[in-house]
Amino acid sequence: MRITPALLLSSLMFLNACGSNSDPETLVDDGTESNNNGSQTSPEIVEVNVDFVDSFWLPGGRTYVSYQDSLAISHNAGISLLDIGSSGLVETEVQITASLANNLAALTNDRLGILGLNSVSIQSLEGSLLDTVYSTQPSPNLSATIFASYGNCVYWVDRGTSGESPDTLKELCISEESGSTEVEKYQTSNYIDNIFPLQSGEFVVFEGLSGNRYIKLFNSEFELKDEYSSTEEIYGSDIEYRDGFIFFTGFSSVWKMSVDSNGLGEPVIFQEPASPSVVNAINRISVHNEGVFIANSNFLYFYRLSNDEIQNIYKIDVVDTVEGVFVYQDLLIVSHEDNVGIKIYKISDF
């Protein structure tokens, strides 16, 4: 067949159309689809009605941790230990008088770590009384929110002052054999946004300076294993881990990133809320073996997952703006910004 100029032009136009990417969806490294901004595409959101099974008044909830067989909550009047049955009903409360507890962490030796206003302490509990096992020297530069535990150790950040000294990640460990040890584990000239210990012994550190953000992976000796850098506003104010992925807050989005002992994956946007203030805070994400819960204004979102794939997305209007969410056993604890207490939902109802 003779190729005419018109036929050649028509063929080139056809090939050019086939080669162009008119579909905004692409494949990312983990095999899930994403759009041009890297966010994972998802099933349609289904709005459902879920009623809470119980509520409990507290004078302003701050942080939550599973401690022994109870839910420990720090609040304006101290610490409450709630015994909650499998039905979701609060059965008993033990009130513990304590000075301001900005954050709590449970240790494996049944002790409780407390991040106070200017010091860190490890406490043992006898009935409703705390007994101080060890307390650090006062420091005016403690981060008011960064606090984590791994094994019999707690971790926190001491801020540098006016750029004269670096941010320092510190460790306090308690054991029956060696007693208490307090050491500096890591220093950086960057601003540490948050830390997260993995069950494998590695640590994830979020930090940044002057528009550059870093996610760093350290081994148990705090030797750097991997690093991801970006100009995206990935602060990690709240970090949760589930099945090989960390879910964390950015300035206006919730992100997902694979992590294991070999290194870090590429982060992708998991959810894009309407307002930056919605997720740029702690207690906005909580994970369960069924999936991921995210608080977004006056809505709860439940992403039901199978391995890494989103099976369903449920949206629940809880009327009042959510201050925090926390998975406790098979229950979801929800607090609101009006600080009138908590509401308890059964995850099986979602």
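Bear in mind that the values here come from a model prediction, so they are computed numbers and not experimental data.
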*Shared hydrophobic cluster for Ile122 and Leu130 (ILVMFWY, side-chain gaps under 4.5 Å)*: no
*State, to 0.1 Å, how close Leu81 and Ser70 come at their nearest heavy-atom pair, and which atoms those are.*
CB-CB, 4.1 Å
*Does the Asn194 side chain pair with the main chain of Phe206, one donor and one acceptor, at a distance under 3.5 Å?*
no
*In one Ile/Leu/Val/Met/Phe/Trp/Tyr side-chain cluster, 4.5 Å: Val133, Ile114*: no
*Using atom types as modelled and distance alone, determine if a side-chain donor or acceptor of Ser128 lies under 3.5 Å from a backbone N or O of Val94.*
no
*Identified ring pair (Phe, Tyr, Trp, His ring centres under 6.0 Å) counterpart of Phe293 within the set Tyr345, Phe350, Phe299*: Phe350
*State whether the side chain of Gln123 and the backbone N or O of Thr132 hold a donor-acceptor pair below 3.5 Å, judged by distance alone.*
yes
*Output, in order, the C-alpha distance, side-chain angles, deciding distance and verdict of side chain to side chain donor-acceptor pair (under 3.5 Å) for Thr168 and Glu184.*
CA-CA 7 Å; Thr168 302; Glu184 297 180 352; 4.9 Å; no
*Can you name the ring-ring contact (aromatic ring centres under 6.0 Å, His included) partners of Phe247, sequence neighbours left out?*
Phe270
*Does any non-hydrogen side-chain atom of Asn109 lie less than 4.5 Å from one of Glu176?*
no
*Minimum heavy-atom separation for Leu104 to Thr63, with atom names?*
N-OG1, 3.6 Å
*side chain to side chain donor-acceptor pair (under 3.5 Å) assessment of Asp317 paired with Asn298*: CA-CA 6 Å; Asp317 187 348; Asn298 58 301; 2.9 Å; yes
*Can you check whether Ser237's main-chain N or O pairs, donor with acceptor, with Thr249's side chain at less than 3.5 Å?*
yes
*side chain to side chain contact (heavy atoms under 4.5 Å, CB included) evaluation trace for Tyr67 with Leu125*: CA-CA 11 Å; Tyr67 176 67; Leu125 181 64; 3.7 Å; yes
*Who pairs with Asp54 by side chain to side chain donor-acceptor pair (under 3.5 Å), at least two apart in sequence or on another chain?*
none
*With clusters built from Ile, Leu, Val, Met, Phe, Trp and Tyr whose side-chain heavy atoms come within less than 4.5 Å, directly or transitively, what are the remaining members of the cluster of Phe218, listed by chain and number?*
Ile146, Tyr150, Tyr155, Val157, Leu169, Tyr186, Ile192, Ile195, Phe203, Val205, Phe222, Leu224
*Answer whether the closest heavy-atom distance between the side chains of Ser335 and Ile342 falls below 4.5 Å.*
yes
*Can you check whether Val120's main-chain N or O pairs, donor with acceptor, with Thr136's side chain at less than 3.5 Å?*
yes
*asked:* Could you see if Ile347 belongs to whatever hydrophobic cluster contains Val322? Use Ile, Leu, Val, Met, Phe, Trp, Tyr and a side-chain cutoff under 4.5 Å.
replied: yes
*asked:* For Tyr191, run the side chain to side chain donor-acceptor pair (under 3.5 Å) check against Arg213, Arg159, Glu207 and tell me which one passes.
replied: Arg159
_Pairwise side-chain contact, Val204 with Ile215, heavy-atom cut-off 4.5 Å (strictly under)_ = yes
_Using every non-hydrogen atom in the two residues, find where Val53 and Ser87 come nearest and quote the distance to one decimal._
CG2-O, 3.7 Å
*Consider only side-chain N and O atoms of Asn152 and Thr108, and report whether a donor and an acceptor are under 3.5 Å apart.*
yes
*Check the side chains of Tyr241 and Gln199 for a donor-acceptor pair under 3.5 angstrom, ignoring hydrogens and angles.*
no
_Strictly distance-based, threshold 3.5 Å: is any side-chain N or O of Ser253 a donor or acceptor partner for the main-chain N or O of Trp255?_
no
*Among residues two or more places apart or on two chains, list those pairs meeting disulfide bond (SG atoms under 2.5 Å apart) that have a residue in residues 169-238.*
Cys153-Cys173
_Atom of Ser180, atom of Ile174 and distance for their closest heavy-atom approach_ = CB-CD1, 3.3 Å
_Student check: side-chain heavy atoms of Val50 and Phe302 closer than 4.5 Å_ = no
*Under 3.5 Å side-chain donor-acceptor pair for Ser200 and Glu202*: yes
*Ser149 side chain to Ala106 main-chain N or O, any donor-acceptor pair under 3.5 Å?*
yes
*asked:* Would you say Ser80 and Gln95 are linked by a side-chain donor-acceptor pair, where the criterion is simply a distance under 3.5 Å?
replied: no
_Tell me whether His75 contacts the main-chain N or O of Leu58 through its side chain, where contact means a donor paired with an acceptor under 3.5 Å._
no
*asked:* Under 3.5 Å, is there a donor on one side chain and an acceptor on the other for Tyr64 and Ser286?
replied: no
*Residue pairs passing the salt bridge (charged side-chain N to carboxylate O under 4.0 Å, His left out) test where at least one lies in residues 286-306, sequence neighbours excluded*: Glu290-Arg304
*Does any pair with a residue in residues 324-334 pass side chain to side chain donor-acceptor pair (under 3.5 Å), and if so which ones, sequence neighbours excluded?*
His288-Asp330
*Is the side chain of Asp83 donor-acceptor paired with the backbone N or O of Thr92 at a distance under 3.5 Å, no angle test?*
no
_Show the nearest heavy-atom pair for residues Gly208 and Tyr214, with the distance to one decimal._
CA-CD1, 4.1 Å
*Would you check, one step at a time, whether the test side chain to side chain contact (heavy atoms under 4.5 Å, CB included) holds for Leu142 with Asp158?*
CA-CA 5 Å; Leu142 293 189; Asp158 209 328; 4.1 Å; yes
*Decide yes or no for Ile344 and Phe52: does some side-chain heavy atom of the first lie under 4.5 Å from some side-chain heavy atom of the second?*
no
*asked:* So Leu217 and Leu198, do their side chains get closer than 4.5 Å, heavy atoms only?
replied: yes
*Taking Lys225 for its side chain and Ser261 for its backbone only, find out whether a donor-acceptor pair lies under 3.5 Å.*
yes
*Go through the steps to decide whether Ile84 and Ile333 satisfy the test side chain to side chain contact (heavy atoms under 4.5 Å, CB included), and finish with yes or no.*
CA-CA 11 Å; Ile84 305 176; Ile333 311 301; 4.3 Å; yes
*Quick one: are Val292 and Ile285 in side-chain contact, heavy atoms under 4.5 Å?*
yes
*Should Leu332 and Val325 count as side-chain neighbours, where that means a heavy-atom distance under 4.5 Å?*
yes
*Walk me through it: do Ile316 and Asn49 pass the test side chain to side chain contact (heavy atoms under 4.5 Å, CB included)?*
CA-CA 6 Å; Ile316 303 95; Asn49 293 319; over 6 Å; no
*Any link between Val327 and Val65 through a network of hydrophobic side chains (Ile, Leu, Val, Met, Phe, Trp, Tyr) touching at under 4.5 Å?*
no
*State yes or no: do Leu172 and Leu107 share one hydrophobic cluster built from I, L, V, M, F, W and Y residues joined by side-chain heavy-atom distances below 4.5 Å, directly or via other members?*
yes
*Heavy-atom closest pair, residues Phe248 and Gly236*: CB-CA, 4.2 Å
